[in-house]
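One structure is given here, and the rest of the page talks about it.
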Amino acid sequence: DGLPVVPLRSIVAYPSMPLSLELGRKRSAAAVEEANLTDGRVFLVPQLSPDVERPFPKDLFGVGTVARVKSVNKTKEGSLRVLFDCEARANITSFLQKRGFLAAEGLAKTVMVPGEGGVRGEALLEQLKKTFEELSKLLPTVPDEVKFAIDTIRSPGLIADFIAANLLARFDNTLKV
């Protein structure tokens, strides 16, 4: 049956990271409500253009993130404030039109690195940390919490996603990750 789709405007969701969004579109709210009736999972899919108000499959990127709805709160304005726990990247294989929302089926893209890549993985991790440190000196707006978190991450894949989520300012660059 596929997972309900929540189209994302100018943002990319990354696995292993929480994401808080305010959803104002009826189709997005319907997708979250449907997810809450089942196992709580949705497909967070970036839109190709943030200007499209009612995206169809042709308006969405071919890769998204499977996420679990952790909490939903209704705002005074009537939109939903939703906290997602992002789980895995997935290639979209097909879209399905449901009553009031779009759904998608996909194949999860999980990268397994035995022992975090051994000596080579450790070297890559250290290089990523060093590059991040150099970049953060050029970008004084990087919060101290982000700098601290980088030091605690031990997975090369997670650190790459974390850097992309916290440093890449241009939407088209975040999509490439």
Side-chain angles (χ1 to χ4, degrees), residues 1-75 77-112 143 145-146 149-150 153 155-177:
D1 281 340
L3 296 177
V5 170
V6 176
L8 304 177
R9 293 186 201 199
S10 302
I11 190 168
V12 176
Y14 293 95
S16 301
M17 293 186 205
L19 180 64
S20 179
L21 294 175
E22 190 164 320
L23 305 177
R25 294 187 279 192
K26 289 180 182 175
R27 287 169 41 121
S28 295
V32 168
E33 289 169 11
E34 176 67 21
N36 281 334
L37 294 174
T38 58
D39 65 357
R41 292 184 313 147
V42 295
F43 220 141
L44 301 175
V45 183
Q47 290 182 208
L48 295 172
S49 170
D51 301 327
V52 176
E53 183 60 34
R54 189 167 189 233
F56 290 95
K58 67 177 178 51
D59 302 311
L60 300 172
F61 200 62
V63 176
T65 302
V66 174
R68 194 169 299 278
V69 175
K70 297 299 281 183
S71 68
V72 179
N73 294 300
K74 202 166 204 158
T75 67
E77 296 79 29
S79 59
L80 297 180
R81 169 66 62 188
V82 185
L83 178 62
F84 297 99
D85 185 19
C86 300
E87 296 177 348
R89 255 188 213 95
N91 283 336
I92 296 171
T93 56
S94 65
F95 284 99
L96 310 157
Q97 183 58 55
K98 300 287 188 169
R99 187 178 218 68
F101 63 93
L102 198 59
E105 294 177 328
L107 295 172
K109 295 172 68 170
T110 305
V111 177
M112 301 298 287
E145 307 84 62
V146 172
I150 288 290
I153 298 173
S155 164
L158 180 56
I159 201 169
D161 285 342
F162 190 82
I163 290 171
N166 288 284
L167 271 190
L168 296 178
R170 289 186 43 194
F171 176 63
D172 55 335
N173 287 338
T174 59
L175 280 175
K176 290 175 185 173
V177 175

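All heavy atoms count here, side chains included; hydrogens, waters and symmetry mates do not.
Looking at Leu80 and Lys74, their side chains come closer than 4.5 Å, going by heavy atoms from C-beta outward. Contact check for Leu102 versus Gln97: side-chain heavy atoms found under the 4.5 Å cut-off. Counting heavy atoms from C-beta on, the side chains of Leu60 and Ile92 never come closer than 4.5 Å. Residues Leu48 and Lys58 form no side-chain contact, since every pair of their non-hydrogen atoms from C-beta on lies 4.5 Å or further apart.
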**Request:** Might you work through the side-chain contact (heavy atoms from CB on, under 4.5 Å) test for Leu44 and Leu19, ending with a clear yes or no?
**Result:** CA-CA 10 Å; Leu44 301 175; Leu19 180 64; 4.0 Å; yes
**Request:** List the steps, then state whether side-chain contact (heavy atoms from CB on, under 4.5 Å) holds for Tyr14 with Arg89.
**Result:** CA-CA 7 Å; Tyr14 293 95; Arg89 255 188 213 95; 3.7 Å; yes
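In this structure, Gln47 contributes its side chain and Pro55 its backbone to no donor-acceptor pair below 3.5 Å. In this structure, the side chain of Arg54 does not engage the main chain of Arg25 through any donor-acceptor pair within 3.5 Å. Using modelled atom types, one side-chain atom of Thr65 and one backbone atom of Ala13 make a donor-acceptor pair closer than 3.5 Å. Looking at Asp59, its side chain does come within 3.5 Å of a backbone N or O of Phe56 through a donor-acceptor pair.
Put simply, CZ on Arg81 and CD on Glu22 are 4.5 Å apart, with the number rounded to the nearest 0.5 Å. Between atom CZ of residue Phe84 and atom OG of residue Ser71 there is a gap of 9.5 Å, rounded to the nearest 0.5 Å. To the nearest 0.5 Å, atoms CG (Leu3) and CD (Glu34) are separated by 10.5 Å.
Among Leu8, Val42, Leu23, the single residue meeting the side chain to side chain contact (heavy atoms under 4.5 Å, CB included) criterion with Ser28 is Leu23.
Taking all atoms of both residues into account, the shortest heavy-atom contact from Ala35 to Pro4 is N-CG, 4.0 Å.
Side-chain contact check for Glu105 and Thr93: no donor-acceptor pair (N or O, by modelled atom type) lies under 3.5 Å.
For CG of Asp1, the number of neighbouring non-hydrogen atoms (other residues, nucleotides, ligands) closer than 6.0 Å is 12 at most.
Under 4.0 Å is where a charged nitrogen must lie from a carboxylate oxygen, and between Glu53 and Arg27 no such pair does.
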